[in-house]
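Throughout, protein chains are lettered first and strands after them, A, B, ... in sequence-line order, and every chain is numbered starting at 1.
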There are 2 protein chains.
Amino acid sequence: MGSSTSLKKNLVISQKNQDNSTCHPPHPIETGHLEGLQKQILTVPKAQRMAEFFSLLGDSNRLRILSVLARKELCVCDLAATLDMSESAMSHQLRTLRAMRLVSYQKRGRKVFYRLQDNHVLALYQSVAEHLEEID
Amino acid sequence: MGSSTSLKKNLVISQKNQDNSTCHPPHPIETGHLEGLQKQILTVPKAQRMAEFFSLLGDSNRLRILSVLARKELCVCDLAATLDMSESAMSHQLRTLRAMRLVSYQKRGRKVFYRLQDNHVLALYQSVAEHLEEID
DNA sequence: TGAATATATGAAAATACTTTCAGAAATTAA
DNA sequence: TTAATTTCTGAAAGTATTTTCATATATTCA
């Protein structure tokens, strides 16, 4: 069982806007007051890695998969049945979760059982759940 | 200044797989042992709201915008210059951040200054930063 | 071994997201 | 008022992601 992922957007791309005239009616900005700022902000590579991680949680099917696995390890077909997804779609999603090490798996007979890799992710999404209740 | 957003994927869609034969070589699954599970998992609407939130953080430009605003409120054109994005792209991104109430803004003269709405988001992404350092 | 079951995979189709482009709207200054 | 500046907007273009479909691989059982 190999491994590969999607979520490429945040991995590689960069280097747009090579010429520094980013503003469309270009205006003479004195960037002096911005330089200090530029050194402190999230670097592009870090932002990309972080965004890749958040993107992983930015899909309701993946979140539901994680919420099921939080309670019980489960094989692919039961996951698919529980969440009303095709087994193929489930398999693709599990692959991306695997690639980011959010789940681990164990083969038993012809079934493959998936489980959460750790509880860090759960903590994270509980934190978001709270935030969402706050802003309502 | 109106408001509208993207990130539609997690908002509305559902109801795929209307027929219950989700498994491709359909197999007679006894769903009895899954019913308890289905009641406890994240509901689709909740998962969608949560995914929508994570998606918002799932873009490196948006994360960098937030990281800049964490230090200092800034107008659109300075944000654009700092992060090397076009002002139009910046404006579009700020709109989605506004729509999800992660940033607020204040108009002064012809400039519009954006700032973080609260520090909840920062806390969240610090938590992810830690996770990312762990798994390296 | 052959048939059935469970999962995985690549490619194409279906969707979704982000940026650019062209131009509108609002504000300021001359 | 006219010109310049700043931001916003809708639509199209460019890119990315997710699902489906067809098929491959692996395991079990008869």
Side-chain angles (χ1 to χ4, degrees), chain A residues 1-14 16-17 22-29 48 51-52 55-56 58-62 65 74-81 83-99 105-114, chain B residues 1-14 16-17 21-29 51-52 55-56 58-62 65 74-81 83-99 105-114:
Chain A
M1 211 158 40
S3 155
S4 143
T5 182
S6 54
L7 305 165
K8 280 185 224 160
K9 187 186 59 169
N10 301 303
L11 278 173
V12 257
I13 312 161
S14 194
K16 315 154 191 176
N17 260 320
T22 70
C23 303
H24 247 272
H27 60 125
I29 198 172
Q48 286 173 339
E52 193 187 0
S55 287
L56 206 66
D59 177 274
S60 56
N61 281 336
R62 281 194 295 266
I65 291 168
L74 228 45
C75 66
V76 179
C77 69
D78 280 357
L79 276 170
L83 299 183
D84 191 27
M85 293 171 65
S86 76
E87 290 174 8
S88 181
M90 180 58 72
S91 184
H92 280 294
Q93 290 294 26
L94 289 170
R95 165 147 72 163
T96 87
L97 291 171
R98 239 161 46 212
Y105 60 91
Q106 198 184 6
K107 199 161 185 176
R108 295 196 209 120
R110 54 190 149 191
K111 296 192 176 182
V112 179
F113 288 84
Y114 283 82
Chain B
M1 208 156 43
S3 155
S4 141
T5 183
S6 56
L7 305 165
K8 282 185 225 162
K9 187 186 58 167
N10 301 304
L11 277 173
V12 256
I13 312 160
S14 193
K16 315 154 189 175
N17 261 319
S21 62
T22 70
C23 303
H24 247 271
H27 60 123
I29 198 172
E52 193 187 0
S55 287
L56 207 65
D59 177 274
S60 56
N61 280 337
R62 281 193 296 265
I65 291 169
L74 228 46
C75 66
V76 179
C77 68
D78 281 357
L79 276 170
L83 299 183
D84 192 27
M85 292 171 65
S86 75
E87 291 175 7
S88 180
M90 180 58 72
S91 185
H92 279 295
Q93 291 293 27
L94 289 170
R95 165 147 72 164
T96 86
L97 291 172
R98 240 160 47 212
Y105 61 91
Q106 197 184 8
K107 199 161 184 177
R108 295 196 209 121
R110 53 190 149 193
K111 294 194 177 181
V112 179
F113 289 83
Y114 283 82

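- In terms of the side-chain contact (heavy atoms from CB on, under 4.5 Å) criterion, A:Ser91 has no residue partners (sequence neighbours excluded).
- For the pair B:Asp59/B:Thr96, no side-chain contact is recorded, criterion being any heavy-atom separation below 4.5 Å from C-beta on.
- What separates CG of A:Leu56 from P of D:dT17 is a distance of 11 Å, to the nearest Å.
- The CZ-C1' distance, from B:Arg62 to C:dT19, rounds to 12 Å in whole Å.
- Between A:Glu87 atom CD and C:dT5 atom P there is a gap of 11 Å when expressed in whole angstrom units.
- Rounded to an integer number of Å, the gap from A:Leu94 CG to D:dT19 P is 11 Å.
- Distance from the side chain of B:Asp59 is smallest to C:dT18 among C:dT20, C:dT7, C:dT18.
- Evaluation of the side chain to side chain donor-acceptor pair (under 3.5 Å) rule for A:Ser60 yields no partner, not counting sequence neighbours.
- Listed here is the closest heavy atom pair of B:Ser55 and B:Arg62: O-NH2, 3.1 Å.
- When distances run from any side-chain atom of B:Asn61 to the nucleotides D:dT20, C:dT19, C:dA6, the shortest one goes to C:dT19.
- You'll find the side chain of B:Leu94 reaches within 4.5 Å of the side chain of B:Leu79, heavy atoms only.
- Between B:Arg95 and D:dC8 there is no side-chain N or O to OP1 or OP2 distance below 4.0 Å.
- Residue A:Arg98 places no side-chain N or O under 4.0 Å from the OP1 or OP2 atom of C:dT7.
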Base-contact (B) and sugar-phosphate-only (S) positions in nucleotides 22-30 of chain D, heavy-atom cut-off under 4.0 Å, - elsewhere: ----SBB--
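- B:Leu83 has its CG atom 15 Å from the C1' atom of C:dT19, to the nearest Å.
- Counting distance only, with no hydrogens placed and no angle test, the side-chain atoms of A:His92 and the base atoms of C:dT7 include no donor-acceptor pair under 3.5 Å.
- For A:Lys111, the side-chain contact (heavy atoms from CB on, under 4.5 Å) partners at least two apart in sequence or on another chain are A:Cys75, A:Phe113.
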Pairs under 3.5 angstrom, nitrogen or oxygen only, protein versus nucleotides 12-14 of chain C, please.
none

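- Side chains of A:Ile65 and A:Leu83 form a contact here, defined as non-hydrogen atoms less than 4.5 Å apart.
- In this structure, CE on B:Met90 lies 8.0 Å from CD on B:Gln93, to the nearest 0.5 angstrom.
- In this structure, the nucleotide among D:dT18, C:dA6, C:dT18 sitting nearest to the side chain of B:Gln93 is C:dT18.
- Regarding contacts with the backbone of C:dT20, a side-chain N or O of B:Ser86 is found under 4.0 angstrom from either OP1 or OP2.
- What separates CD1 of A:Ile65 from P of C:dT7 is a distance of 13 Å, to the nearest Å.
- Phosphate proximity of C:dA6 to A:Tyr114: absent, as no side-chain N or O sits under 4.0 Å from OP1 or OP2.
- Shown here for A:Glu87 and A:Cys77, the closest heavy-atom pair between the two residues is OE2-CB, 3.4 Å.
- Summarising the geometry, the separation between CZ on A:Phe113 and P on C:dA6 is reported as 10 Å, rounded to the nearest angstrom.
- In this structure, the CE atom of B:Met85 is 15 Å from the C1' atom of D:dG14, given to the nearest Å.
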